[in-house]
Amino acid sequence: MSHYFIEDPTLKKHERNIDFSIGSLNVHLISDSGVFSNKSIDTGTLIFIKFLSTLDLKGKVLDLGCGYGPIGISLKLLFKDNIEVSFIDINPKCIELTSRNLKYYDLDGKCSTSDGYLNDGDKFDYILFNPPISVGKNKIYEIYRDTKQNLVVNGHFYLVIRKDKGGLSHQKYLSSLFETSVIYKEKGYLIIECINKE
């Protein structure tokens, strides 16, 4: 069985146009079979981007588990030179698509294939995550722990998660690592803000 977080070379190529709007910004991206939400942008990601667009982002941003790049690319288009965005995904096809989508807009962005973080010493002001719940809590909680090591002091980790998919239990665990709060709710989704105080 194919999963969007595992590259499946047997899947036939089926590229699609993904179009959505954030306020007055119209975003056009390319997706393909074998990646998360490849037919249209999913509700949670769109809610997440719209929330993030209201912040005053500056500095180094990581789009963790970037898929074909909707979060990081949208924010780069919105905040332009105020942010430097890096993209990580376990699926090489996602990184290929993100690179193509960045090129379409003539945007810079460091793209890397990894099942977590790269050990290059990078630390970020913001890390953004729409966790793949189907990989299980053990793996996701491991990523949460690694996130703490990859944030600057007072850096912010934001994630979007459905309340009925364990959102509050995730927040409880995150509270053992960060100062946390549910900062926004919409359509059953929670956006959790985590601040690295150490």
Should Y173 and R145 be marked as a side-chain contact (heavy atoms from CB on, under 4.5 Å) after you check the CA-CA gap, both sets of side-chain angles, and the distance that decides it?
-> CA-CA 10 Å; Y173 180 76; R145 293 191 294 272; 2.9 Å; yes
Donor-acceptor pair, [X] side chain versus [Y] backbone, under 3.5 Å?
X	Y	result
D89	G67	yes
K76	I83	yes
D164	G188	no
T98	I95	no

Measure the [atom1]-[atom2] distance between [X] and [Y] for me, rounded to the nearest 0.5 Å.
X	Y	atom1	atom2	result
I18	S31	CD1	OG	3.5 Å
L174	S181	CG	OG	11.0 Å
L46	Y189	CG	OH	10.0 Å
L64	S86	CG	OG	11.0 Å
I30	R16	CD1	CZ	11.5 Å
I161	K163	CD1	NZ	12.5 Å

Could you check if a side-chain atom of [X] sits within less than 4.5 angstrom of a side-chain atom of [Y], using non-hydrogen atoms only?
X	Y	value
L102	I73	yes
K197	N154	yes
S74	L29	no
L177	F157	no
P131	Y144	yes
N150	L62	no
I191	F48	yes
V160	T45	no

Kindly determine whether H170 and I133 satisfy side-chain contact (heavy atoms from CB on, under 4.5 Å), including the steps that lead there.
-> CA-CA 10 Å; H170 280 251; I133 298 302; 4.2 Å; yes
Can you name the nearest heavy-atom pair linking [X] to [Y], along with the distance?
X	Y	value
P70	I41	CB-CD1, 4.1 Å
I49	F20	CD1-CE1, 4.1 Å
S169	G166	OG-O, 2.8 Å
D63	G72	OD2-N, 2.9 Å

Are L78 and Y104 grouped together when hydrophobic residues (ILVMFWY) are joined by side-chain heavy atoms under 4.5 angstrom apart?
->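 In one cluster with L78: Y104, yes.
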Same cluster for I195 and F124 if Ile/Leu/Val/Met/Phe/Trp/Tyr side chains link at under 4.5 Å?
-> no
Cation-aromatic face contact K148/F178, 6.0 Å, 45 degrees |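 Yes, K148 lies over the aromatic ring of F178.
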Can you establish whether the number of heavy atoms outside [X] located under 6.0 Å from its atom [atom1] is more than 12?
X	atom1	value
K123	NZ	yes
K139	NZ	yes
K172	NZ	no
D81	CG	no
E186	CD	yes

Tested for side chain to side chain contact (heavy atoms under 4.5 Å, CB included) against K60, the lone hit among L151, D125, V85, V152 is D125
Name of the residue among I192, I143, T147 meeting side chain to side chain contact (heavy atoms under 4.5 Å, CB included) with F129 = I143
Take I22 and L77 through the side-chain contact (heavy atoms from CB on, under 4.5 Å) test and state the conclusion after the steps.
-> CA-CA 10 Å; I22 306 296; L77 289 168; over 6 Å; no
Would you mind checking if E96 and K93 are paired as a salt bridge, meaning a charged N to carboxylate O distance below 4.0 Å?
->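 No, no charged N to carboxylate O under 4.0 Å.
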Partner set under ring pair (Phe, Tyr, Trp, His ring centres under 6.0 Å) for Y184, not counting sequence neighbours | F51
Within residues 19-30 or reaching into it, pairs that qualify as side-chain hydrogen bond (donor to acceptor under 3.5 Å, both in side chains) - sequence neighbours excluded =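 Residue pairs with at least one partner in residues 19-30: D19-H28, S21-N26.
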Is there a side-chain contact (heavy atoms from CB on, under 4.5 Å) between L55 and H156 once you walk through the steps?
-> CA-CA 11 Å; L55 304 179; H156 288 68; over 6 Å; no
Can you name the residues that form a side chain to side chain donor-acceptor pair (under 3.5 Å) with Y158, not counting sequence neighbours?
-> E193
